[in-house]
Amino acid sequence: MKKGIAPGQALQPRLQAGVKTDSLEIAVHLDGSVGTPGPAQSKAIANLNEEINRCWSGIEPMQHPIDDNLESLKTQCIGQAIEIGVDGRQDGEMGHEPNPALTDTSQHKPDDHAPLRLGLMASGNGSNFEAVARAIEAGSLNAVIKLLVVNNPGCGAQKRAERLGIPCSVVNHRQLTNRESLDRELVRQFQAADVEAIVMAGWMRIVTSVLIAGFPDRLVNIHPSLLPSFRGLDAIGQALAAGVKVSGCTVHLVTEDLDAGPIVAQSAVPVLPGDDNASLAERIHEQEHRLLPMALTELALRWRQG
Ligand code: GRF
């Protein structure tokens, strides 16, 4: 019988967050030209597959007391193994030192600092918004959501805010003349709510310099690909069309170039045979819900330290 292992323990002896490995390099060197990888990339991908297979082959789901879902367990192990944190690097280069902020949030006790005053923006379902709210509720993210702004009346995010008792405002872009006036209204509302930083958690509008200048270096986005691969709309569809074997999600700071600001953190997932948009999106979302609160913890620490 295979030996049972707990989620997150499987790869720890070999792979740790922020430690340089071939697998970690894959996550940051995929550049969208997948399908024609160079020899180094091919070797790295083969190494990653080997690591993943080694990890998966040791998993005996029935021996795990909490989660007997093998797929979820696999994803969790892989996500934890490949997740990386990067300190303000513009070029996707990764940090090679262990990053305690991403691996042990317990060291940031809620009393250490005042909670980070967050504003969130969402256009659709709002599962990332809720993940941030839940992390705050659970005490793993020392923050408070002062305001959620949605641009689609009645969207899932708005309903979640109502259920969670979080202040929510609807700014319908259809009633504003252009992108700048939408962003001016956002700045006005977030400033009135005394927000320190803004998270675009599924905001489906292109933002302008008005919003970026209103919260310089404090505007955070989550994107469903391993940037710099697959910027822009339908990143998951783009990844599937390119035939990549690894995809994931990225938390980054927002600059005027779409999905090209400094990378804060990434998490990778495998693209499995037979995956479609829905199945890959589900796997990526699962990682997004872990990654975004952790990245905000990392950013809060950075911002607090000035
Ligand atoms: C996420 O996949 C995020 O990366 C992208 O939009 C999606 C939002 O999902 N920017 P949800 O609304 O948070 O469920």
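No hydrogens, no waters, no symmetry mates; every other heavy atom, side chains included, goes into these values. Counting starts at 1 for both ligands and their atoms, following the listed order.
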Met200 contact mode with ligand 1 (heavy-atom cut-off under 4.0 Å): neither
Residues, nucleotides or ligands: over 12 heavy atoms within 6.0 Å of [X] [atom1]:
X      : atom1 : value
Leu258 : CG    : yes
Asn152 : CG    : yes
Glu282 : CD    : no

N or O contact, Met204 vs ligand 1, cut-off under 3.5 Å: no
N or O contact, Gly124 vs ligand 1, cut-off under 3.5 Å: no
Near [X], which atoms of ligand 1 are under 4.0 Å from a heavy atom of that residue?
X      : result
His285 : 1 (C), 2 (O), 9 (O), 14 (O)
Ser127 : 11 (P), 12 (O), 13 (O), 14 (O)
His223 : 4 (O)
Asn125 : 12 (O), 14 (O)

[atom]: which protein heavy atom is closest, and how many Å away?
atom                    : value
atom 10 (N) of ligand 1 : Ile222 O, 2.9 Å
atom 12 (O) of ligand 1 : Gly126 N, 2.8 Å
atom 8 (C) of ligand 1  : Gly202 CA, 3.6 Å

Arg283 bridged to Glu286 by N-O distance under 4.0 Å: no
Verdict with supporting geometry, Asn151 and Met121, side chain to side chain contact (heavy atoms under 4.5 Å, CB included): CA-CA 8 Å; Asn151 63 316; Met121 295 157 54; over 6 Å; no
Spacing of CZ belonging to Arg160 relative to SG belonging to Cys155, to within rounding of 0.5 Å: 10.0 Å
Pick from Arg160, Glu288, Glu130: the one approaching atom 3 (C) of ligand 1 most closely through a non-hydrogen atom: Glu288
Whether Ser267 side chain and Gln287 backbone form a donor-acceptor pair below 3.5 Å: no
Donor + acceptor pair across side chains of Thr177, Ser181 (<3.5 Å): yes
Test item, Ala122 contacting ligand 1 (heavy atom, 4.0 angstrom): no
